[in-house]
Amino acid sequence: MPAPLNRALEAVLDGADAEALRRATTRLIDVYRSGRPPAEQVLADRVAATAYAAYRMPATHAAVARVLRYALEVAPDLAPRSLVDVGGGTGAAAWAVAEAFEGLASVEVVDGSADALAVGQAVGRHGPPAVIGARWTRRDLGDGAAVPAADLATVAYLLGELDAGLQERVVDAAAAAADVVAVVEPGTPRGFAAVVAARDRLLAAGWHVVAPCPHELACPLAAAGDWCHLAVRLDRTALHRRLKGAALGHEDEKVSYVVARRGPAPADLPAGRVLRHPQTRKGLVRLELCRADGSASAEVVSRRQGPRYRAARHAGWGDQWPDGGTDPAD
Ligand SMILES: C[S@@+](CC[C@H](N)C(=O)[O-])C[C@H]1O[C@@H](n2cnc3c(N)ncnc32)[C@H](O)[C@@H]1O
């Protein structure tokens, strides 16, 4: 995570009751690990919302930033001027979008938790200009309220908190509001199920996938009972380690996502997408790939393949992978 969000969090958390935040963090971890949609609002008070900002915002921000980077690699013409962050909570996705798109002029964060919005606004005062000027709108998406119109809608770490019917309504509302929708969820079987359902829904409505899929066919991983995800590594701050009682200086945020747009289809979908950490052995790199023909299988690249081998050694989990006809080092 770049320094500014960390610094903003430090500024806002300065003087907070560390023990209360630690207890609230433990409660949040229990709720999110349960793997069930919560029965009631999770960020129901200021301490819970502050704990969420401290322990989750860096990771959700890093995940959305990575997703946007991949989307831009496939569709460099993406240039939203306005964002609606649906279920945006403390605004991590809004930060990532504002950092990715210089031309972003207007941000609206919509969420059911007044406390999350208030904390997000306080953190956002230290953020990029579009976040400083954001509107923070309290709205329960379960009430069937429309999503405000914008060029881009982010739906990050929200669908998992909703039942299946509401997930569908929220995806439809985001698609009605924006020309580009980014759905981001934890990289778990459950998170992926919500993402693949959103992908199916958007494709059925005539939308086009920007990332991660190199095709618009049925997901080969879903068909195999597997789940498509990647890991984003981020450094933990000292505060983060204290709140989580964690010793490691970094964490790997697992994420599933889809970015889709109303049209046109991206001109250059990649030939493949790396589905796992590449395996490197003497003179060989094995890449598990999702391919443009809708299949998933391995490619083994040997040192004899020169530039392609060098590119394979640099390829990371989640990256796009060029086809055999192109020289990835070029
Ligand atoms: C896990 S947080 C994600 C926040 C933010 N998008 C992020 O990535 O850090 C889920 C958010 O969804 C909001 N939420 C859950 N159900 C909602 C509903 N029915 N209406 C509006 N917001 C809701 C919660 O208040 C919370 O802020």
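First listed ligand is number 1; within each ligand, the first listed atom is number 1.
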Of all the non-hydrogen atoms in the protein, which one sits nearest to [atom], and at what distance?
atom	value
atom 7 (C) of ligand 1	Tyr52 OH, 3.3 Å
atom 19 (N) of ligand 1	Asp140 OD1, 2.9 Å
atom 15 (C) of ligand 1	Glu161 OE1, 3.3 Å
atom 16 (N) of ligand 1	Leu162 CD2, 3.6 Å
atom 25 (O) of ligand 1	Asp111 OD1, 2.6 Å
atom 22 (N) of ligand 1	Gly112 N, 3.0 Å

Under 4.0 Å from a heavy atom of [X]: give me the atoms of ligand 1 that qualify, with their elements.
X	answer
Ser113	25 (O)
Gly142	19 (N)
Arg139	20 (N), 21 (C)
Thr60	7 (C), 8 (O), 9 (O)

Test your reading of the structure: does [X] have an N or O sitting under 3.5 Å from an N or O of ligand 1?
X	answer
Leu141	yes
Ala116	no
Leu158	no
Asp85	no
Gly87	yes

Donor-acceptor under 3.5 Å (Arg125 side chain, Ile132 main chain)
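Flag not set: sc Arg125 to bb Ile132 has no pair under 3.5 Å.
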Donor-acceptor pair, Ser256 side chain versus Cys228 backbone, under 3.5 Å?
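Yes, Ser256 side chain to Cys228 backbone: donor-acceptor pair under 3.5 Å.
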Once rounded to the nearest 0.5 Å, what's the spacing between atom CZ of Arg291 and atom CZ of Arg273?
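With rounding to 0.5 Å, CZ (Arg291) is 14.0 Å from CZ (Arg273).
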Output the distance between atom CG (Leu152) and atom CG (Leu68), rounded to the nearest 0.5 Å.
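CG of Leu68 is found 7.0 Å from CG of Leu152.
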Check this for me, if you would: do [X] and [Y] make a salt bridge, where the nitrogen-to-carboxylate-oxygen distance has to be below 4.0 angstrom?
X	Y	result
Glu19	Arg22	yes
Glu253	Arg56	yes
Arg81	Asp151	no

Non-hydrogen atom of Gly88 closer than 4.0 Å to ligand 1:
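True for this residue.
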Run the salt bridge (charged side-chain N to carboxylate O under 4.0 Å, His left out) check on Asp115 and Arg46 step by step: do they pass?
CA-CA 5 Å; Asp115 289 297; Arg46 194 58 64 97; 3.2 Å; yes
Donor-acceptor pair between Asp293 and Ser295 side chains, under 3.5 angstrom:
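Distance-only check passes for Asp293 and Ser295.
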Does Val258 share a hydrophobic cluster with Leu78, counting links as ILVMFWY side-chain heavy atoms below 4.5 Å and allowing steps through other members?
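No, Val258 does not connect to Leu78 through the hydrophobic network.
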